There are 2 protein chains.
Amino acid sequence: MYVTLPDAPAVSTHAAPLPGRLVQTTTSSRRAETALFRAGDAATALYGIAAGVVRLSRVMENGRRQIIAFGYPGDVVGFPVAGRHTCDGDTLTPVRLVAYPARILDCPSLDPDLHAYLLDAALREIGGMQDHFLMLGRKSATERVASFLSVLARRAGRQVDGRLTLSLPMSRTDIADFLGLTTETVSRVLTHLRQCRVIGLETVHTVTVDSPDALDCIAEGR
Amino acid sequence: MYVTLPDAPAVSTHAAPLPGRLVQTTTSSRRAETALFRAGDAATALYGIAAGVVRLSRVMENGRRQIIAFGYPGDVVGFPVAGRHTCDGDTLTPVRLVAYPARILDCPSLDPDLHAYLLDAALREIGGMQDHFLMLGRKSATERVASFLSVLARRAGRQVDGRLTLSLPMSRTDIADFLGLTTETVSRVLTHLRQCRVIGLETVHTVTVDSPDALDCIAEGR
DNA sequence: GCGGCGCGGTTACACTCCGTTACACGGGCG
DNA sequence: CGCCCGTGTAACGGAGTGTAACCGCGCCGC
């Protein structure tokens with residue numbers, strides 16, 4: 001079985017969209033990965049992310065894996081279909097989550113505002129997935145990596161020493177499985193972007209975006 | 001501008017999930033394609049499909065196109081984000097639609113049951129898109145075409161003369177843009193599947209599934 | 001504290017699958 | 001009747017993969 005969140009109550013179960021209660025999934029820096037739910041599980045709750053990063057993924061019988069999305073603060077993850085989770089959810093960093101009981105989905109009268117909030121979150125999820133479709137279906141390896149970095153920069157970029165800096169809590173394998181590539185290709189493209197002075201690789205998990213405009217151009221295939 | 005549905009009132013605007021009012025988009029057999037909405041449009045309504053097939057697609061600035069989904073009866077299409085459509089919607093066949101005013105999304109109190117129904121439809125959409133992700137990211141050309149036919153067979157297959165028969169209202173280009181392939185590859189794979197006696201090609205737009213089990217095996221990469 | 005080990009990441013190279021290009025065919029509409 | 005669009009077939013080339021070797025870093029045991 002997978003680890004439940006320690007320090008009960010693990011997750012705040014509350015109606016207000018945000019904020020929730022602090023949940024420290026793992027204090028150790030290494031392997032902060034913790035399972036939130038598995039595909040096929042009966043869904044008891046869905047989770048608003050207040051802090052941290054969550055990975056949503058699916059695996060085929062033959063082991064091939066596709067990462068559906070990386071959940072960042074403001075996202076809601078764990079939407080069930082017919083009461084069951086359709087993908088795996090794992091934390092990549094320590095997180096703060098707000099758990100919404102799944103039954104709210106069926107009973108809007110319990111909390112109409114929350115219901116509308118969740119619907120809105122679902123619609124935003126659908127919109128984001130559509131971009132991901134274009135990426136997987138119609139973009140080259142370089143364009144995919146550039147798109148990934150560009151979106152992440154907008155979403156979670158920070159100015160450090162006057163440079164747009166990006167933390168990549170996920171492994172190269174995670175990135176590859178998100179983009180429909182292999183780790184080797186991800187590596188190659190990253191080094192290529194570095195050689196072109198578009199990005200800088202501070203550490204394995206830290207990237208600086210030195211030329212955001214160029215990155216966007218590459219991402220859009222221009 | 002794109003064609004609005006003829007024979008006003010074009011679409012039934014009603015609360016009840018289904019059924020709606022008959023809408024004949026085009027009577028001529030050729031080019032039954034009619035635009036429902038375009039990406040970026042302010043969303044006035046979303047549409048439940050009672051009959052017919054709707055194509056949802058997005059195009060990049062450089063012209064590359066990705067088909068997000070084919071909407072079949074029971075689906076709801078046109079979910080907006082921030083009040084705007086995020087993809088193009090076109091009918092591929094004459095359709096019967098139920099139009100739900102977009103403002104219902106923001107005001108659950110107007111019709112709580114409908115609100116819950118739309119949320120549920122959105123969740124099913126998310127679930128379906130996840131399968132599509134696996135297809136685009138992690139399946140070979142053959143597996144993609146097989147998956148496509150397998151899903152369609154389950155969804156819209158009919159028994160004709162004791163054979164599982166499938167109508168393909170979309171063009172080869174549409175299929176290619178849905179699967180992230182080219183028309184040539186789609187053609188190649190279809191003829192290959194025919195040579196393997198897995199499917200039969202009655203007409204260009206009619207396929208028989210002669211060996212459903214084999215099709216599923218190919219689709220799952222086994 | 002130090003050295004060995006193992007894992008994740010990077011690099012190099014040959015191959016393969018699929019996109020590109022080109023052409024042939026057929027049916028519908030003008 | 002001829003044009004044109006959609007489709008099918010074939011040959012070729014290239015982007016990305018698979019395989020394998022190498023590297024660097026953190027962890028563990030000694």
Side-chain angles (χ1 to χ4, degrees), chain A residues 26 28-33 55 62-67 92 135-149 167-195 199-207 218 221, chain B residues 26-33 55 60 62-67 92 135-148 168-195 199-207 218 221:
Chain A
T26 321
S28 76
S29 58
R30 279 200 69 67
R31 292 294 85 186
E33 288 193 19
R55 179 187 65 205
N62 50 31
R64 281 180 272 183
R65 187 179 70 150
Q66 175 67 41
I67 288 181
L92 291 182
M135 184 141 82
L136 290 178
R138 288 297 175 221
K139 288 191 182 180
S140 71
T142 309
E143 290 162 7
R144 293 185 205 195
V145 174
S147 299
F148 174 67
L149 294 176
S167 161
L168 298 180
M170 65 291 289
S171 69
R172 294 291 189 266
T173 304
D174 284 340
I175 298 176
D177 285 348
F178 181 70
L179 301 177
L181 301 171
T182 59
T183 61
E184 293 89 336
T185 303
V186 172
S187 270
R188 270 188 294 254
V189 172
L190 284 176
T191 55
H192 180 239
L193 290 176
R194 177 172 53 77
Q195 287 167 348
I199 64 170
L201 298 171
E202 302 293 307
T203 75
V204 182
H205 292 288
T206 311
V207 174
I218 296 172
Chain B
T26 322
T27 33
S28 75
S29 59
R30 278 201 71 66
R31 293 293 84 184
E33 288 192 18
R55 180 187 64 205
M60 292 172 59
N62 51 30
R64 280 179 273 182
R65 187 179 71 150
Q66 175 67 42
I67 289 182
L92 291 183
M135 184 142 81
L136 291 177
R138 288 294 174 223
K139 288 192 182 180
S140 72
T142 308
E143 289 161 8
R144 294 185 204 195
V145 174
S147 299
F148 175 66
L168 298 180
M170 65 292 288
S171 69
R172 294 290 188 266
T173 304
D174 284 341
I175 299 176
D177 284 348
F178 181 70
L179 300 177
L181 301 170
T182 60
T183 59
E184 293 88 338
T185 303
V186 172
S187 273
R188 267 191 298 241
V189 172
L190 284 177
T191 55
H192 180 238
L193 290 176
R194 178 172 53 78
Q195 287 167 348
I199 65 170
L201 298 172
E202 302 293 307
T203 75
V204 181
H205 292 288
T206 311
V207 174
I218 297 173

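Below, chains carry the letters A, B, ... as their sequence lines are ordered, and counting in each starts from 1. Just so it is clear, the structure is predicted and the values come from calculations on it, not from any experiment.
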Participant: Need the bend value for the helix from dG1(C)-dC30(D) to dG30(C)-dC1(D): angle between end axes, 5 pairs each end, nearest 10°.
Facilitator: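 Axis-to-axis angle, ends of the helix: 30°.
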Participant: Can you measure I175(B) atom CD1 to dG6(D) atom P for me and round it to whole angstrom units?
Facilitator: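 Computing the I175(B):CD1 to dG6(D):P distance gives 14 Å.
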Participant: Scan residues 177-194 of chain A for pairs that pass salt bridge (Lys or Arg N to Asp or Glu O under 4.0 Å), counting only residues two or more places apart or in two chains.
Facilitator: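 The answer is R65(A)-D177(A), D177(A)-R138(B).
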Participant: Could you check if a side-chain atom of Q66(B) sits within less than 4.5 angstrom of a side-chain atom of L136(A), using non-hydrogen atoms only?
Facilitator: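 Counting from C-beta outward, Q66(B) and L136(A) never come under 4.5 Å.
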Participant: Taking side-chain hydrogen bond (donor to acceptor under 3.5 Å, both in side chains) as the test, write out the residues that go with S147(B), two or more places apart.
Facilitator: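 Counting only residues at least two positions away or on another chain, S147(B) forms a side-chain hydrogen bond (donor to acceptor under 3.5 Å, both in side chains) with K139(B).
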Participant: Measuring only between side-chain heavy atoms, which start at C-beta, is H192(A) closer than 4.5 Å to V145(A)?
Facilitator: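 Side chain of H192(A) against side chain of V145(A), heavy atoms only: no contact under 4.5 Å found.
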Participant: Here's a test of your reading of the structure: between R194(A) and R138(A), which maps to the more 5' nucleotide of DNA chain C?
Facilitator: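 Going by which nucleotide is closer to the 5' end, it is R194(A).
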Participant: Not counting sequence neighbours, which residues clear side chain to side chain contact (heavy atoms under 4.5 Å, CB included) with H205(A)? List them please.
Facilitator: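 With sequence neighbours excluded, H205(A) shows a side chain to side chain contact (heavy atoms under 4.5 Å, CB included) to T203(A), given in chain and number order.
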Participant: Whole-Å distance between dT10(C) P and L168(A) CG?
Facilitator: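 Atom CG in L168(A) sits about 10 Å away from atom P in dT10(C).
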Participant: What's the NE2-P distance between H205(A) and dG8(C), to the nearest Å?
Facilitator: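 After rounding, the gap between these two atoms is 10 Å.
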Participant: Between residues 181-193 of chain A and DNA chain D, which residues have a heavy-atom gap below 4.0 Å?
Facilitator: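 Heavy-atom contacts with DNA chain D come from L181(A), T182(A), E184(A), T185(A), R188(A).
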Participant: Check the distance between dA10(D)'s C1' and Q195(B)'s CD and give it to me in whole angstrom.
Facilitator: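 Those two atoms, CD and C1', are 13 Å apart.
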Participant: Side chain of S171(A), heavy atoms from C-beta onward: which of dG8(D), dG9(C), dG16(D) has the nearest atom to it?
Facilitator: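 Closest of the options to the side chain of S171(A): dG9(C).
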Participant: Can you name the side-chain hydrogen bond (donor to acceptor under 3.5 Å, both in side chains) partners of E143(A), sequence neighbours left out?
Facilitator: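 Testing E143(A) for side-chain hydrogen bond (donor to acceptor under 3.5 Å, both in side chains), a comparison that skips the adjacent residues, returns R64(B).
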Participant: For R144(A), enumerate each residue passing the salt bridge (charged side-chain N to carboxylate O under 4.0 Å, His left out) test, keeping only those at least two apart in sequence or located in another chain.
Facilitator: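 Testing R144(A) for salt bridge (charged side-chain N to carboxylate O under 4.0 Å, His left out), a comparison that skips the adjacent residues, returns none.
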Participant: Starting at atom CG of L179(B), determine the distance to atom P of dG19(C), rounded to an integer number of angstrom.
Facilitator: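 Interatomic distance, CG of L179(B) to P of dG19(C): 10 Å.
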Participant: Backbone N or O of S187(B) within a donor-acceptor pair of the T191(B) side chain at under 3.5 Å?
Facilitator: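 A pair under 3.5 Å: yes.
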Participant: What is the distance from CZ of R64(B) to P of dT20(C), rounded to the nearest Å?
Facilitator: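 Rounded to whole Å, this separation is 10 Å.
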Participant: Whole angstrom is fine here: how far is it from CE in M170(A) over to C1' in dG9(C)?
Facilitator: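 Rounded to whole Å, this separation is 16 Å.
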Participant: Check whether any side-chain heavy atom of L168(A) sits under 4.5 Å from a side-chain heavy atom of T206(A), and report yes or no.
Facilitator: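 No, their side chains stay 4.5 Å or more apart.
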Participant: Starting at CZ of R172(B) and ending at P of dG26(C), how long is that distance when rounded to a whole Å?
Facilitator: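 About 16 Å, once rounded to whole Å.
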